[in-house]
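Following: one structure in structure tokens, then a few remarks.
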Amino acid sequence: MAKPLKPLEPGLNMERYIFEIPTDSGIKEAVVETSGECYGVTLDGKYIGSMWRDENLGLQWDTLDEELAPHIWDIASKLSEAFSRQGYPSLLKGAYPEIESTQWKSSETLEVVISKETDMEVFTTFLKDEVLNLVDFEEHLDLMVKKSDDPYFVIIGIN
């Protein structure tokens, strides 16, 4: 019997995105998870509802959850760019829980900071093999993978 998925516990067929969105009380982290047509949203660690594209509304995003409603357009905007170069950091953070943060260092270099507990060699070898599966853009991009407390880094070139 399959165990039901909980928020922040992605399954093998679960897509997960992590975005920062503006709210009335500052910038918050939104985690958006889906395994189909419906997207579950967690804001700063609290599940706030689900959203979907409504065919009766011309495929616009919709929700019945009052707590999610004020954020739906910011999240929809981030989702629409998830497979672009600009949205790539959100896609990486959602796919790999070992990634603590990402920061653009230049127009072609994205710094990827992984947790101190992560084995750098194992993670970068795996990332080199898998990272192209998450790319939907043609432009060149270098991932500079490192730990926050260590000057050592590994460059992974994409495209």
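Computation of the quantities below employed the complete heavy-atom set of this structure, encompassing side-chain atoms and omitting hydrogens, waters and symmetry-equivalent molecules.
Distance alone, capped at 3.5 Å, is enough to place a donor-acceptor pair between the Asp65 side chain and the Ser50 backbone. Between the His140 side chain and the Glu108 main chain, no donor and acceptor come within less than 3.5 Å of each other. Using a distance-only test at 3.5 Å, with no hydrogens or angles considered, a donor-acceptor pair links the side chain of Thr23 to the main chain of Gly26. Remark: side-chain polar atoms of Asp142 are not paired, donor with acceptor, to backbone N or O of Thr109 under 3.5 angstrom. Side chain of Arg85 to main chain of Ser107: a donor-acceptor pair is present (N/O by atom type, distance under 3.5 Å, no hydrogens or angles). Counting only distance, with no hydrogens or angles, the side chain of Lys93 and the backbone of Ile18 share no donor-acceptor pair below 3.5 Å.
Side chains of Val154 and Leu127 form no contact here, defined as non-hydrogen atoms less than 4.5 Å apart. Here the side chains of Val41 and Tyr17 are not in contact, with every heavy-atom distance at 4.5 Å or above. Between Leu110 and Lys105, every side-chain heavy-atom pair lies at or beyond the 4.5 Å cut-off.
Contact detail for Leu92 and Ile99: the closest heavy-atom pair is O-CD1, 3.7 Å. Minimum interatomic distance between Met120 and Lys146 (heavy atoms only, all atoms of both residues): CE-CA, 3.5 Å. In terms of heavy atoms, Trp73 sits closest to Trp61 at CH2-O, 3.9 Å. When every heavy atom of Lys78 is checked against every heavy atom of Ile21, the shortest pair comes out as CG-CG2, 4.3 Å. In plain terms, the two heavy atoms of Pro89 and Thr102 that are nearest each other are CB-OG1, 3.2 Å. Residue Ser148 comes nearest to Lys116 through the heavy atom pair OG-CE, 3.7 Å, listed as atom of the first residue, atom of the second, then distance.
No hydrogens or angles considered: nothing links the side chains of Tyr88 and Gln86 as a donor-acceptor pair under 3.5 Å. In summary, the side chains of Thr118 and Ser115 do present a donor paired with an acceptor at a separation below 3.5 Å, with no hydrogens or angles considered.
Taking CZ from Phe19 and OG from Ser90, the interatomic distance works out to 5.0 Å, rounded to the nearest 0.5 Å. How far CD of Glu55 is from CD of Glu37: 8.0 Å, rounded to the nearest 0.5 Å. Atom CG in Leu91 sits 8.5 Å away from atom CD in Glu15 (nearest 0.5 Å). Atoms CG and CG, from Leu43 and Leu68 in turn, are 9.0 Å apart once rounded to the nearest 0.5 Å.
Between Glu67 and Lys46, at least one side-chain nitrogen of the basic residue sits less than 4.0 Å from a carboxylate oxygen of the acidic one, meeting the salt-bridge criterion.
Under the side-chain contact (heavy atoms from CB on, under 4.5 Å) test applied with Thr124, the options Val145, Val112, Leu143, Ile155 reduce to a single match, Val145.
The environment of Tyr96 atom OH is dense: over 12 non-hydrogen atoms of other residues, nucleotides or ligands sit within 6.0 angstrom.
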